[in-house]
Each structure stands twice: as C-alpha cells, then as structure tokens.
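Step one of this worksheet: look at the structure below.
Naming: A, B, ... by sequence-line order, numbering from 1 per chain. If you're wondering where the values come from, they're calculated on a predicted model, not measured in any experiment.
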There are 2 protein chains.
Amino acid sequence: MNIKAVAKLANVSTATVSRTINGSPKVSPDTAARVRKAMETLNFVLNTNARALGSGRSNLLGLIISDITNPFFPELVKAFEDIAVSQGKEVLIANTDYDPDRTMHCVTRMLQRKVDGVAIMTSEISEHVISFFLKRKIPVVFLDTGEPAPGISRINIDYPAGVEMAMQYLTQLGHKDISFISGPLNLNSAKTRYQAFMESSAREHLSAKAEYVQEGNHRPDGGYRAMQRILALEQRPTAVLTSNDLTAIGAMGAIFEAGLRIPQDISIIGFDDIQLSAFTEPPLTTVRIPHKDVARVAIEALLGTQDPISKEPKDGAQYKIQPIFMPRRSAGPVPGEAHSFKRRRADRLHA
Amino acid sequence: MNIKAVAKLANVSTATVSRTINGSPKVSPDTAARVRKAMETLNFVLNTNARALGSGRSNLLGLIISDITNPFFPELVKAFEDIAVSQGKEVLIANTDYDPDRTMHCVTRMLQRKVDGVAIMTSEISEHVISFFLKRKIPVVFLDTGEPAPGISRINIDYPAGVEMAMQYLTQLGHKDISFISGPLNLNSAKTRYQAFMESSAREHLSAKAEYVQEGNHRPDGGYRAMQRILALEQRPTAVLTSNDLTAIGAMGAIFEAGLRIPQDISIIGFDDIQLSAFTEPPLTTVRIPHKDVARVAIEALLGTQDPISKEPKDGAQYKIQPIFMPRRSAGPVPGEAHSFKRRRADRLHA
DNA sequence: TTGTACGCGTTATCAA
DNA sequence: TTGATAACGCGTACAA
C-alpha cells in the first residue's frame, strides 16, 4: 500500500504516481486515470511522514493557544482551521494551559513536526523561544505581544479602543463608579486589558479606588469570587467591566445571588463576545473580538511572510484588529437617575 | 541539526545517538552524557516524520469530534490530551462539523499520519469507515454507537439512566407535563437521547403530546427557538428536559423573555454539565456526562486493545459510563402545588 | 511524457 | 557496549 505498489499495478514508475498525486500538469490524462484507478483499487493512502521527510515541507500550520476550555479559543480554532483547510493546509493544535513547561513542550512539538508556520495565540511565551522558529526560518505570527520583525508578524487587538468604547457607553449612561475584574495579572494578555482600563478610567476622571479593581482568573469561578468581594465593598460601584465574558458570567452569578438586578442595580460588560454571551440572562453587553478576522489575518501572515523564491523570511507584517462594541442588555442607566435609555431588543439571534 | 551532526560532534555513530534518545539501557552512561551534551549544544530537535517513517509508529492518537464549538468537546479534548501526554502520546484533533465529507477527510488525515489509535467521539460516522482502520490494524474506540468487535472498543453513555434520573426528579416534584427539546434528529447521538426520553416518558405514563417534543440543534439558538414554540402551546408544559446544556441555556433565554420565572413558572434540565452550567442564572440542573472518565476509558481502550506481541487487535472492550444527576436550581416544584422542596445552595463553586 | 536513482532523518538489524 | 548499513515511502533532479 505504498506508491510502489500503485506504480506496479498501473504499469508506471513511482515518479509518475507521485506526479499524479501532486497534480503535475506533465502527465498524460490517460496514465493519470490509470494511476488513480490503481490507487482506488489498492485503497492507497499517502504517507505524509514520508512526504514531509522527502520534501521538507509538512503542509502543517501550528496553532498554540492557552486554554481550550475558554470558548473564545475553540471559536478561533475553528475559524483558523476552516481557512487553513481551504488553503490546502492542515492544523496542529497545541494547548499550553498557561504552563511554561507545557508551552515549551508545545513549541518542541511544532519543531519536531516541521510545521510550515506557527500562530502563537497566547501571550504567555518567552520572547526567546521565537529564536527557535526563526533559526529554522519558520514564519511566526503572534497575537497581542511584541514588535514585528523579519519573519515575525504581529496581530494586535486594539484593547484600549475596546475598553474605551465600553467606558464611554457606561459614562454616557451616568456611571461614575466603575469597577474592573481583571484576568490573572501575571498574564500579559490580562495585564494589557487591565492597563487599558486604568488609562481609560484616568481619562474619564473616574474614582480610581484600588478596591474597584479585583483580580479574577478569566474563568467563571474567578469572576464569581471577585464580584463577591466587590459587592462587599462599602461604596459599591454601579457598573463592572470584566476582562472576558467568562468572568462576566461568573460575576453575574454573584450579583443575582446577592439579590441584585442586572442592569437595574448594577451594570456589567464583558469582553470577547463568545457565542453564549448572547444567551445569558440578561444578554451580555460586551466587546467583541472578531475572531474570524484574527484567524484570517494570522493565516495570511503565515502564508505570505516567507519569500517563495529565497525562502528567506520577509519583513513581518503588523495587523491591528478593531474590537466591536456589542450593546445588549446587561448594561443600563446608573441607578436612581433619569436617563433616556432605549432598551434594546434581545439580540439573541442576531450576532 | 540532525542525528548525524550530533553523532559527529559526540564522536559516536548515529545508532548510538538514536539509542540514547530512546533511552536504550545498553549505552554506557558516559557516552550517553556525551551525546546529550552534543544534542544540547547543537539545539537538536528530533524529526518525528523520519522517526515515524523508520519505525512505523507515530506516537500519535487521533481524536475525532463533531463540534469543537460545543464546550463539552473542549473539556473532553483537554482531558484526553492530559492523559495521552502522561502516557507519552500526542494527540491529533480533528473536527467534523457534522459534515460527512469533512468526516471522511478527518479519517484520511488520521490514516495519512499513521496514528496509533483513534477515538471517534462523534456518532455521525458510517460504520464502513471502521474498515479503513481495521485493515491497518489501528485500534478504534467509538463513543455512543454500535457493537464491540475485535480491535474496536465501545464506550456507551447510559443515556436512558441519565434521562430517567432527570424524569424521576421532575415527577417527584409533581410535574406531569414534561417537554423535550431534542438535538438535530438526523444525528444518532441526538436520536439516542430523544428515544431515552420517549421511553422514560411512556414508563411514567406522562402526557405524550407530540408538540411536547421540539427539535433543536444542540446550540443555544436552536434551544431558544424551540422553547418559543413550546411557550406558544395552548397547554404549556411545566418542565422541559433538553438534549444538552447549550440547548437548555438557549431555552432559558426564551423563558425569561416571555416574562416567566425559572423554576417557579417552569423547570428546566440540561444534559452534559458543561462548566458554564453552574454559572447560569439560575444555575442549571443537569445530567453530567463525566468527560474525564470518558477520556480515561478511551485511552485505556486504545492503548490496551492491541496485543503488544502479535500486533493483532485483541477483542475490543465495552465500557458503560454512568451519568450523574446534578441538581442545581433550574428545576423546582410544579407551579400551584405545595411541595416540600429543599432549595439548594447555589453550588456554583462546587462541581 | 515517462523512468531512474538518490536523498530526506531516523530506526533496526547484524556484526564487531 | 558500539558501529556500519539497509530499510521506511515519498519527492525530485536528471536522463531518456
């Protein structure tokens, strides 16, 4: 069940079989047909290991993410895979779980499998591992961290703009006491969002009480606990911004359990816009990260970043992705004040 | 940066390097040390393609799932990966999206990469593709479908038992009019759950109105729409069972939008117990599928199913997984009747 | 248009 | 305990 058996059955050389497989134009239609028939009857399956070994190319794109359990990532993975497949590439997924050891292990896997490019969608990666890829001339695209360089492309989500939209929305609704539940602050990605909040908060001259910022873990339980701490505060904020949707969902649980209403008593806004956020009660107002764009741009960067002639990495591109504000129903006017606030339709079905 | 360079630097043959890499006992400690040092200085990375080609083994376990966007699967993937890695295996993930063509493509990928075993966690796969794996003596484990056979293991979730627990719970709370929102009924997995409901419903002598069963799509939007249809019914049910948690979450949105309360006006129960279901409002009563057990058992089946001596597949094992009922707060006594119902604590933090 | 023959990096067999 | 060398299955010059 290798190329040789096919060649024998079709009465051609292995080279012709190989050419047929790879759609070479210089193989006569009828021999090609004969070869294909032989493959069919033999149930021939190409050995990609041998192919990669011989050609040096694996047709594999690596995708490193930090937490497959956070719905944002599966959505990203799916978009990435869809586009990759449409370009004739396959995807090798690796999950770091925010663990440095495991991250290193993921990088090794990518190297071992000779990927044609890697998208690193976790900011928890030491810059020096890039060199591993660069030395081997493997194109890299990063999300959310660092500067572009030859062979390295960067995708930056405009967090400040996203946070600003949310803050503007809240201040226009009369909120002045706005809390923030961050992600784990030892993570760069979380820190970036946190800083964006702090800057926006300063710009709007809001009360910058230290207790108004509580640390979560980007998971519901962290948001839940952080919200409990916020609710226990002497002077409770009237609105809460969270570092991601999962955090917001956890926080909503704590709010309801305290017998408060959303958004009448307290407003809440998430970040990411995972599919489920349209189906919480009330539907979650959030800031969407357009994950399809992220995926598209990542693959574009990976496939376009290597000069097809010299195999030298070209100058890496830099992409900026604009978040989109998604007003739903978890954020409303500040309590106790009259505001003209158009209550929106549910929007559950219309992303 | 191949084994040859390492051999040269360490003044040994490539065979010795290979033996060192693979921890062969018959290589003297000091030569091993010399080799390791050489690997270090050269930043040597093993080429797994070459290894797979030479040895015939890939160290790769395939995992085919149907919808990575459904949180149940990432949780399963993660558990599967964790165990696989702890056994020195890697995981190749493939997502079918319920698409037959794509499914076939996934199978081909597995074959091409010469996986050492495949876990097929989607029931949407024609039984004849098994032969592809069996012919090549690749162990297979299926979830939720078919009979065990040589080289094929099966994991069956006891859906009837799971549904029965939910139904018992509801009937004991006085419910007699219980609705069911199914998954897409062209899918085997959805059909199984649907049938379990129908049987349980008959057993409990419940009103088996045809309109009480509505078809969803295993996603929130499907649950939302199905619930709207149910709410429009002349005689509304007092409780709704759903085919999975995502469906339940969508249904809850529709209930709230109709101005009804959960569980005072209507009770709802999910299936799967995804992480988020503890953080909905109210927390979702559901039937847990213990995904860690599923993952553990799957890998056990894959790794134990091939006779290590003869390489002949052993008789496949059959495993039955018992679901676990997770009472939270979305199901309560039937409206308008006095019942002794202990309202549970939230349980958000304690799975 | 087709065939021959070598190389890819590793493992495995057989000698030493 | 180590070394030399033949596979493994495919791609690809180069030749025909």
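Classification of A:Lys78 and B:Asp97 as a salt-bridged pair holds, one side-chain N sitting under 4.0 Å from a carboxylate O.
The line from OG of B:Ser58 to CG of B:Leu53 is 12.0 Å long, rounded to the nearest 0.5 Å.
Residue A:Val12 is in sugar-phosphate contact alone, with no base atom involved, counting any heavy-atom pair closer than 4.0 Å across all strands shown. No engagement by A:Asp30 is indicated, since no non-hydrogen atom pair under 4.0 Å with the nucleic acid exists.
At a threshold of 4.5 Å between non-hydrogen side-chain atoms, the residues A:Val141 and A:Ile152 do not count as touching. Annotation: side chain of B:Ile120 is not in contact with side chain of B:Val107 (no heavy-atom distance under 4.5 Å). A 4.5 Å side-chain heavy-atom check between B:Met110 and B:Phe133 finds at least one atom pair inside the cut-off. Annotation: side chain of B:Leu9 is in contact with side chain of B:Leu42 (closest heavy-atom distance under 4.5 Å).
Between the A:Glu75 side chain and the A:Gln275 main chain, a donor and an acceptor come within less than 3.5 Å of each other.
Of the candidates B:Arg57, B:Lys137, B:Lys89, B:Lys89 is the only one forming a salt bridge (Lys or Arg N to Asp or Glu O under 4.0 Å) with B:Asp116.
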Take A:Gln87 and A:Leu303, measure what side chain to side chain contact (heavy atoms under 4.5 Å, CB included) needs, and give me the verdict at the end.
CA-CA 9 Å; A:Gln87 304 275 329; A:Leu303 265 32; 3.9 Å; yes
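A:Ser66 and A:Thr122 get closest at one heavy-atom pair: CB-OG1, 3.5 Å.
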At under 4.0 Å between heavy atoms, which parts of nucleotides 4-10 of chain D does protein reach? Answer with one letter per nucleotide, 5' to 3': B base, S sugar-phosphate only, - none.
BB--BBS
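Five base pairs at each end of the helix from C:dT1-D:dA16 to C:dA16-D:dT1 define two local axes, and these are offset by 30° (rounded to 10°).
Along DNA chain C, read 5' to 3', the first and last nucleotides having any atom under 4.0 Å from a heavy atom of chain A are C:dT1 to C:dG9.
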